[in-house]
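Scroll down for the structure; my scribbles are underneath it.
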Amino acid sequence: MQQVRLRLLERAASGREAPRDVSAWAAVVASNLAMDWHRAKRRQERLGERLAALRQPAEHPSGEDSSVLSVAVAQGLDELPDAQRQVVVLRFYADLPVRSIAEQLGVPEGTVKSRLHTAVRALRARLHEDEVV
């Protein structure tokens with residue numbers, strides 16, 4: 001309801017007329033806000049499923065020997081915060097451009113770039129610390 005009130009105040013502040021039937025207008029705005037929330041939630045769930053599918057081979061290695069570097073990178077990814085891990089996996093494993101990642105996560109492109117930069121620095125530091133690279 002706070003969002004509905006905020007929309008009404010924004011409408012008044014912008015100089016537009018108040019709606020004729022405020023209760024009907026409020027019901028439509030509340031419905032639209034609820035649909036937006038559910039869409040965002042579903043988008044996040046689908047994104048989580050995609051990330052889980054991409055990480056599954058690393059969590060369940062086959063009979064083949066994995067390289068030391070692959071194991072170290074997987075461990076480094078596990079230690080990253082979720083937001084950073086998401087952008088790294090989407091950028092380097094799913095090979096998505098920054099713009100697509102930003103749209104899927106619902107954040108600005110600059111935020112994606114910042115998270116990527118921070119995550120890559122952390123991974124690089126981890127690999128040097130473990131003397132893998």
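We're numbering straight along the sequence, starting at 1. Note that the structure is predicted; figures quoted are calculated from it, not measured.
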How long is the span from the CD atom in Glu129 to the CZ atom in Arg124, to the nearest 0.5 Å? 14.5 Å
Could you pull out the closest heavy-atom pair between Leu8 and Val22, with the gap in Å? CD2-CG1, 4.3 Å
For the backbone of Ser114 and the side chain of Thr118, can you confirm whether one donor and one acceptor N or O come within less than 3.5 Å of each other? yes
Please check if atom CE in Met1 has more than 12 non-hydrogen atoms from other residues, nucleotides or ligands closer than 6.0 Å. no
Do the side chain of Arg115 and the main chain of Gln84 share a donor and acceptor less than 3.5 angstrom apart? no
To the nearest 0.5 Å, what is the distance between CZ (Arg11) and CD (Glu17)? 8.0 Å
Do you know which of Val107, Leu90, Leu96 makes side-chain contact (heavy atoms from CB on, under 4.5 Å) with Val112? Val107
Using 0.5 Å steps for rounding, measure from the OG1 atom of Thr111 to the CD1 atom of Ile101. 12.5 Å
Are any side-chain N or O atoms of Arg7 and backbone N or O atoms of Val29, one a donor and one an acceptor, separated by less than 3.5 Å? no
Quick check for you: to the nearest 0.5 Å, what is the distance between Leu105 atom CG and Gln86 atom CD? 5.0 Å
Minimum heavy-atom separation for Leu116 and Phe92, please, with both atom names. CD2-CE1, 3.8 Å
Do Leu33 and Trp25 sit in the same hydrophobic cluster, where Ile, Leu, Val, Met, Phe, Trp and Tyr count as joined when their side-chain heavy atoms come under 4.5 Å apart? yes
Contact between Tyr93 and Leu77 at the side-chain level, heavy atoms closer than 4.5 Å - yes or no? yes
Can you check whether Gly76's main-chain N or O pairs, donor with acceptor, with Arg126's side chain at less than 3.5 Å? no
